[in-house]
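Here is the structure we will look at.
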Amino acid sequence: MEAVILSKEQFNTLTGSIEEIKTKIDNQSKKPQEVFVDNQEFLLLMKISKRTAQTWRDEGKISFSQVGNKIYYKLNDVEDLLNKHYVKAFKK
């Protein structure tokens, strides 16, 4: 077995690099922050009218946040709505 001798500076550089890699891996494995879209972005994304969005909110089909008169939706909730109404192809 061969031994490798490092100077203190080389050792500190190596441990710093390892710590930096560890931090990057930890940051990538964390759940991304929730992304919100406002009502206008939601309407454009789903290609629906304001009235349809209001109906969906009233019927509880989509969760939302309201700050004053402004309405926001989580992108995860929009994805859940689409997945909930997903119809799988039955023909192969």
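- Across every non-hydrogen atom of Ser49 and Leu43, the tightest pair is O-CD2, 3.4 Å.
- Grouping the Ile, Leu, Val, Met, Phe, Trp and Tyr side chains by contacts below 4.5 angstrom, directly or via other members, places Leu75 with Trp56.
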Using residues 63-72 as the side-chain source, report each donor-acceptor pair under 3.5 Å to any protein atom, sequence neighbours left out, with the distance given to one decimal.
residue : atom : partner : partner atom : Å
Gln66   : NE2  : Gly68   : O            : 3.0
Lys70   : NZ   : Asp38   : OD2          : 3.3

What donor-acceptor contacts under 3.5 angstrom involve side-chain atoms of residues 8-18, with partners at least two apart or in another chain?
residue : atom : partner : partner atom : Å
Gln10   : OE1  : Ser7    : N            : 2.9
Gln10   : OE1  : Ser7    : OG           : 3.4
Asn12   : ND2  : Lys8    : O            : 3.4
Thr13   : OG1  : Glu9    : O            : 2.9
Thr15   : OG1  : Phe11   : O            : 3.1
Thr15   : OG1  : Asn12   : O            : 3.0
Ser17   : OG   : Thr13   : O            : 3.0

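- Side-chain contact of Thr55 with Thr52: a donor-acceptor pair under 3.5 Å is absent, judged by distance alone.
- Not a single salt bridge (Lys or Arg N to Asp or Glu O under 4.0 Å) links Glu19 to another residue, sequence neighbours left out.
- With sequence neighbours excluded, the residues satisfying side-chain contact (heavy atoms from CB on, under 4.5 Å) with Glu20 are Lys24.
- Side-chain contact between Tyr73 and Ile62 is present, with at least one heavy-atom pair separated by less than 4.5 Å.
- Not counting sequence neighbours, Lys50 has no partner by the salt bridge (Lys or Arg N to Asp or Glu O under 4.0 Å) test.
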Name every donor-acceptor pair, under 3.5 Å, that has one atom in a side chain of residues 77-89 and the other anywhere in the protein, sequence neighbours excluded.
residue : atom : partner : partner atom : Å
Asn83   : ND2  : Glu79   : O            : 3.3
His85   : ND1  : Leu81   : O            : 3.0

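- The salt bridge (charged side-chain N to carboxylate O under 4.0 Å, His left out) pairs that include a residue from residues 52-69 are Glu59-Lys61, where partners are two or more places apart or lie in different chains.
- As a member of the Ile/Leu/Val/Met/Phe/Trp/Tyr network built from side-chain separations under 4.5 Å, Leu44 groups with nothing else and remains a singleton.
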